[in-house]
2 protein chains.
Amino acid sequence: MAQQGLAGIRSHYPRLSDKEKKIADFILKQPETIVHQTISQVADHLDVADATVSRFCKRIGYKGYQALKIALAPEIMAPNDMLHEEITDNDDAKMVAEKIFQSNIRTLENTLQVLGENELEQAAELLLSARRAEFYGFGGSNMVAMDAYHKFVRSGVPAFAFPDAHLQLMSASQLSSEDVAFIFSHSGASKDAYQLLQTIKKSGAKTIAITGFPKSPIGQQVDVALHTSSEETAYRSEALASRIAQLSIIDALYVTVIMRQKDKAQASVEKVRNAIAATKM
Amino acid sequence: MAQQGLAGIRSHYPRLSDKEKKIADFILKQPETIVHQTISQVADHLDVADATVSRFCKRIGYKGYQALKIALAPEIMAPNDMLHEEITDNDDAKMVAEKIFQSNIRTLENTLQVLGENELEQAAELLLSARRAEFYGFGGSNMVAMDAYHKFVRSGVPAFAFPDAHLQLMSASQLSSEDVAFIFSHSGASKDAYQLLQTIKKSGAKTIAITGFPKSPIGQQVDVALHTSSEETAYRSEALASRIAQLSIIDALYVTVIMRQKDKAQASVEKVRNAIAATKM
DNA sequence: TTGCAATATGAAAATTATTTTCTTATTATG
DNA sequence: CATAATAAGAAAATAATTTTCATATTGCAA
């Protein structure tokens, strides 16, 4: 009896009837709707009988509709933790830590939500096929660019990054259309980063950016834009939350790339096997 | 209308009648009981009328008993996120990102839980009173050390960090008993970091470390040890989650330090004011 | 102290919501 | 094609919740 909320519904899905799948689709698509609805409202909306909804609940392991609603509630509502509470002068060190950690957690959650599926795929494919991948960032973002370089150089992708703004610009001007340039810019509007982007576009290289502002000049002009979503807070000395989200995106791209490389290596082995088999016929 | 689950019940408490307080006490004491009980079971258990329970729910801001149960559910049950699911070869880029992000979120949550209140205070006080604060890390942790340096140098604390292992060791040997050395080591057992710690202890400086393993040599020998708590996973090229937790701890310490500095500046102004007032008597 | 108004409470009635049962339709298999 | 199993809807039965009514209690003013 695997009662696992939304995940449980997904795991039962292949064994459901057409009507039951219709109910499952509705719940999976907008679970926040049903927890405040009666079984009759759901059934009317889907043009199924009340009894069918009740049976669906039992089918996936619950005592009934009420039990399903209680089980789903935690997945659609966050526990009542501190709602974006700002750090105040009365806070001791642990309370400061708690507020900062919660803010960083929210940023990761929000970023995951706005992260585009297509953009992730495109970015991974560009990095996979790049003759040369260069990572750029200014200020705190330069740390992320260096980190990306350390990561990707291990994947076999020819990766580069530069700790110095001048070196970044010089290398950018040497790129060509088979290269990929990856820019980290939280605001998407810094003069240095924008100027660099113009240089890169002149070189013909493909461009990827991670920015917190989709409508920013950089966010609008790159080939593939990935977005972070973080809070504005008063005590922030800098955008650490945004950088944490950037690091996580890079980690995801890196893992995707090495998995794809494994796939390619596998496919090459298959090709060699087939060629050998053909010569033996 | 402040509907705030358990917190909402607490805030209404002073204004409740005796019977209503009895209901509130029951819910506050064991909220996990009522979410699976009918209103009649609760009323019988407390020797009150069903109607009294229903009215209580309305009194504290809900539409009725059902709405209260749905609202309480998230506070007593954790969301059913993906339970430590490993990345598999079938995962597309978005699924990879989701698993990595969830893992990072869990690390932040777990780290916040194990973070010691006293240790945080001690670390902040040591940094505040340090004649000189030096940050050390090897491999990926060196990035965190450099980040800490960039942050603390802005606070006015005399802060230093070194991108090179050799420079780290040389500078460590120059410390004295009025200095603070801050070591980042995920395993707490790397030879380089341990050797560095022995050098620092000889110098008499106070030592702080952030490590994922409290029982490790470094975790056991420093004056103040702060702990991260992260998952072991198969796909991890490196401990990014751990580094994210380390960065968050540093951010919290940094904010605490600058707030304390503000307090001190305030206290100094008071002292000067008092001294002037005394000369005028 | 007494009377009155407001509030709280329980029991019963009314209403709503959910689940089960019965019947029919559909699908899969031999 | 016939039969058995399963799915689905409508209706009936049951359960749960809410509202109403009557009574009790408390607080306040005269």
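Given the structure is predicted, the values throughout are model-derived calculations rather than measurements. Letters A, B, ... mirror the listed sequences (proteins, then strands); counts begin at 1.
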*In whole angstrom, what separates A:D18's CG from D:dA7's P?*
10 Å
*Can you tell me how far P of C:dG10 sits from NZ of B:K22, to the nearest Å?*
9 Å
_Taking only side-chain N and O atoms of A:T52, does any of them lie within less than 4.0 angstrom of OP1 or OP2 on D:dG9?_
yes
*asked:* Nearest to the B:S54 side chain among D:dT17, D:dT18, D:dT20, which nucleotide is it?
replied: D:dT18
*Under-4.0 Å side-chain N/O to phosphate OP1/OP2 contact, A:K58 with C:dT20*: yes
*Find the distance A:F56:CZ to C:dT18:P and express it as a whole number of Å.*
15 Å
*asked:* With a cut-off of less than 4.0 Å, is there a side-chain N or O of B:S17 near OP1 or OP2 of C:dT7?
replied: no
*Of the nucleotides D:dG9, C:dT9, C:dT19, which one has an atom closest to the side chain of A:D50?*
C:dT19
*Note, A:I34 side chain near A:L72 side chain (heavy atom, < 4.5 Å)*: yes
*asked:* By nearest atom, which of the nucleotides C:dT19, C:dT21, D:dA16 is closest to the A:Y65 side chain?
replied: C:dT19
*Closer than 4.0 Å, any side-chain N/O of A:K19 to the OP1 or OP2 of D:dG9?*
yes
*Whole angstrom is fine here: how far is it from CG in B:L68 over to P in D:dA16?*
17 Å
*Check: A:H227 ring centroid to A:F213 ring centroid under 6.0 Å*: no
*More 5' along DNA chain C: B:L16 or B:A51, using each one's nearest nucleotide?*
B:L16
*Considering non-hydrogen atoms only, spot the tightest contact between A:N104 and A:A241 and give its length.*
OD1-CB, 3.4 Å
*Can you tell me the distance, in whole Å, between the CZ atom of A:R55 and the P atom of C:dT20?*
10 Å
_Student check: side-chain heavy atoms of A:Y254 and A:L127 closer than 4.5 Å_ = no
*Would you say D:dA7 has OP1 or OP2 under 4.0 Å from some side-chain N or O of A:R59?*
yes
*Between atom NE2 in B:H36 and atom P in D:dA16, what is the gap in whole Å?*
15 Å
_Any B:S40 side-chain nitrogen or oxygen under 4.0 Å from OP1 or OP2 of D:dT17_ = no
_Any non-hydrogen side-chain atom of A:I27 less than 4.5 Å from a side-chain atom of A:F56?_
yes
_Flag side-chain contact, heavy atom, 4.5 Å: B:Y65 against B:S54_ = no
*NA contact type, A:V53, heavy-atom cut-off 4.0 Å: base, sugar-phosphate, or nothing?*
nothing
*Between C:dT16 atom C1' and A:Q37 atom CD, what is the distance in whole Å?*
16 Å
_Nearest to the B:I39 side chain among D:dG9, C:dT19, D:dT17, which nucleotide is it?_
D:dT17
*A:L46 CG to D:dG9 C1', straight-line distance once rounded to whole Å*: 15 Å
*Would you say D:dA16 has OP1 or OP2 under 4.0 Å from some side-chain N or O of B:Q66?*
no
